[in-house]
Amino acid sequence: MTERPVALTSSEDVRRLLRAGDEIALLDLREEGPFAAAHPLFAVNLPLGRIEERIAGLVPRRDAPVVLYDDGEGRVARALPVFAALGYGNVSVLEGGLAGWRASGGEIFIDVNVPSKAFGELVEHVRRTPSLPAPELQARIARGDDLVILDARRFSEYHVMSIPGGQSVPGGELALRVRDIVPSAATTVVVNCAGRTRSIIGAQSLVNAGIPNPVFALRNGTIGWTLAGLELDHGATRVGEAPTHANVARARDAAATLARRTGVRLIGPAALSAFQADPGRTVYRLDVRAPEEYAAGHLADFRSAPGGQLVQATDEWIGVRHGTIVLTDDDGVRARMTGHWLRQLGWREVYVLDDWADLPRATGPEPLLLAGPLPESEPVSVAGLLAERAAGGGPLVIDLAASPAFRKGHVPGAVFAIRPDLPGHPRLEGADIVLTSPDGLAARLAAPELARAGLSVRVLEGGTAAWQAAGQALETGLDAGRALSRPEDVYKRPYEGTDNAAAAMQAYLDWEFGLVAQLERDGTHGFSVLE
């Protein structure tokens with residue numbers, strides 16, 4: 001049977017669609033490490049081995065226009081049948097891949113979540129967002145000045161390292177909670193993150209919301225603090241006060257004004273149903289409250305996307321540029337504040353669903369989104385694996401966890417691997433293979449591919465979590481000599497962790513400072529900063 005020719009999309013056509021506001025998903029099939037080294041501005045990272053796990057969330061409409069690319073590694077050819085099997089019928093290939101994008105004059109960006117980071121730099125450039133350098137903040141702390149320090153990152157990041165005295169108030173919560181945190185209207189508010197973006201957007205959120213207090217971003221965040229030779233806190237647990245009804249009302253009025261000014265529109269259940277029924281519209285339904293609130297009760301079919309993180313890393317939830325975004329909350333503040341930033345980020349269709357009446361509800365964490373049925377695989381229990389090992393030798397255990405998770409803990413003797421590296425790997429010839437992953441999902445998805453290649457493969461029931469739940473110890477670390485793949489699946493940000501080199505941190509800041517000029521050269525962003 002003759003294979004259907006692969007449809008090609010030129011780099012010029014991608015840029016034309018981006019500028020026109022048409023839906024397009026530009027998907028980079030490499031691992032996050034190579035992706036972070038070079039990619040177009042609006043490319044979304046979807047590694048080949050994670051397609052079945054992530055595509056339904058990133059591209060929920062099966063006939064949305066999808067353009068795939070790699071950098072000559074052959075991943076596109078392997079991905080095309082996967083997309084076809086999952087029912088994606090409007091898939092093309094970027095002509096010439098990443099090299100073709102470069103050759104056509106397309107701008108190349110580094111790092112991850114770049115649209116949001118570049119936008120943050122543009123906001124500071126246009127709005128002249130007030131900021132304080134680390135030594136000045138330290139001097140104010142030492143004098144005992146009337147100030148509060150609000151850390152706009154996720155609590156997990158704040159807990160690792162934070163400014164002394166700072167408290168955790170994730171960016172999407174700032175406008176909702178700040179009035180109950182500050183002692184008075186004269187109290188100075190300083191917003192920080194690890195680098196620059198969430199500091200800038202957080203501080204500007206409070207300025208936009210019209211609080212009377214002096215507001216500053218901590219210039220260069222915890223990186224700037226470290227480069228100034230100052231010590232960070234570790235393990236802090238301070239969190240911002242819960243908002244009172246009176247201050248929620250004040251915050252709601254301010255957020256409603258900003259939503260109107262930026263073109264965020266309110267809809268009800270009927271409009272949401274109409275969006276869902278529109279065959280030419282890709283719809284994202286996102287609950288921007290804290291994950292704990294989402295788990296306690298949310299609208300069915302809405303995903304959890306805390307507002308501050310959604311603005312910081314939109315491409316982790318939304319794969320189709322110019323898709324339709326429907327946000328919701330239960331306070332009238334966070335969805336509007338998030339929406340007013342997304343509109344400035346160039347998303348043309350941003351809506352807030354206020355009316356939850358008669359809509360189905362759900363509880364618990366966000367449900368698993370798979371684009372197809374979970375394939376059957378031959379299982380082996382924890383007890384069975386232990387028995388095989390006790391009998392001598394035992395199978396080759398391959399862990400498909402992300403490399404940071406593998407380092408943190410894995411089945412003793414397991415080897416690290418990135419799924420696309422497995423077919424044809426010489427170490428697998430004749431091996432008795434047991435696949436595992438944190439919850440067993442990635443292992444089950446990978447097993448049929450190896451079985452089709454003629455390999456003997458089973459899956460550890462319940463994954464590594466089941467091994468640990470059975471009282472078995474985990475091994476830590478990642479021995480490069482024993483791994484089947486290089487750990488390039490996760491890009492280590494220069495601001496992550498506590499052992500970062502000063503040169504790398506400074507280079508990261510220098511890169512951020514240059515993003516506004518890159519935006520101008522690129523010409524596809526569509527950003528429009530509220531003035």
Side-chain angles (χ1 to χ4, degrees), residues 31-33 47-54 57 156 159-160 291 295 316 364-370 373-423 425 427-428 431-451 455-492 496-497:
E31 298 301 319
E32 189 179 73
L48 172 63
R50 304 292 183 186
I51 291 172
E52 299 97 329
E53 296 174 63
R54 299 179 185 174
S156 59
H159 183 68
V160 171
E316 294 182 11
E366 184 178 324
L368 180 67
L369 290 177
L370 288 179
L374 195 58
E376 294 297 324
S377 56
E378 184 180 348
V380 59
S381 66
V382 171
L385 179 57
L386 286 168
E388 291 180 33
R389 286 184 161 187
L396 173 64
V397 179
I398 300 175
D399 193 336
L400 299 178
S403 53
F406 184 92
R407 284 190 177 93
K408 188 174 181 180
H410 54 268
V411 173
V415 297
F416 168 77
I418 295 172
R419 177 180 163 185
D421 294 343
L422 293 178
H425 197 291
R427 188 165 170 187
L428 304 189
D432 178 16
I433 300 165
V434 170
L435 294 180
T436 187
S437 57
D439 59 3
L441 172 64
R444 283 191 63 179
L445 291 170
E449 181 182 15
L450 297 186
L455 297 172
S456 170
V457 59
R458 293 172 291 163
V459 171
L460 181 62
E461 287 184 307
T464 308
W467 177 272
Q468 191 171 20
Q472 298 300 312
L474 296 179
E475 187 176 62
T476 60
L478 200 168
D479 183 350
R482 204 171 69 192
L484 303 183
S485 302
R486 292 179 298 167
E488 62 180 13
D489 59 312
V490 175
Y491 163 65
K492 185 178 185 295
E496 288 183 330

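Small disclaimer: the values here were computed from a predicted structure and weren't measured.
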Return the [atom1] to [atom2] distance between [X] and [Y], rounded to the nearest 0.5 Å.
{"X": "L450", "Y": "R419", "atom1": "CG", "atom2": "CZ", "answer": "8.0 Å"}
{"X": "R50", "Y": "L445", "atom1": "CZ", "atom2": "CG", "answer": "9.5 Å"}
{"X": "W467", "Y": "S381", "atom1": "CH2", "atom2": "OG", "answer": "10.5 Å"}
{"X": "S377", "Y": "L460", "atom1": "OG", "atom2": "CG", "answer": "10.5 Å"}
{"X": "S485", "Y": "L422", "atom1": "OG", "atom2": "CG", "answer": "6.5 Å"}
{"X": "L368", "Y": "L374", "atom1": "CG", "atom2": "CG", "answer": "8.0 Å"}

Is there a donor-acceptor contact under 3.5 Å from the side chain of [X] to the main chain of [Y]?
{"X": "R54", "Y": "L369", "result": "no"}
{"X": "E488", "Y": "E31", "result": "no"}
{"X": "H410", "Y": "F406", "result": "yes"}

In plain terms, say whether R458 and D432 are close enough for a salt bridge, that is, a side-chain N and a carboxylate O under 4.0 Å apart. yes
Answer yes or no: does atom CZ of R407 have more than 12 heavy-atom neighbours from other residues, nucleotides or ligands under 6.0 Å? yes
A447 and V457 have their tightest heavy-atom pair at O-CG1, 3.6 Å
Is the closest side-chain heavy-atom distance between P379 and V459 below 4.5 Å? no
Run the numbers on T436 and D399 for side-chain hydrogen bond (donor to acceptor under 3.5 Å, both in side chains), then give the verdict. CA-CA 5 Å; T436 187; D399 193 336; 5.3 Å; no
For a side chain to side chain contact (heavy atoms under 4.5 Å, CB included) check, start with the C-alpha distance between V397 and V415, then their side-chain angles and the critical distance, and finish with the verdict. CA-CA 6 Å; V397 179; V415 297; over 6 Å; no
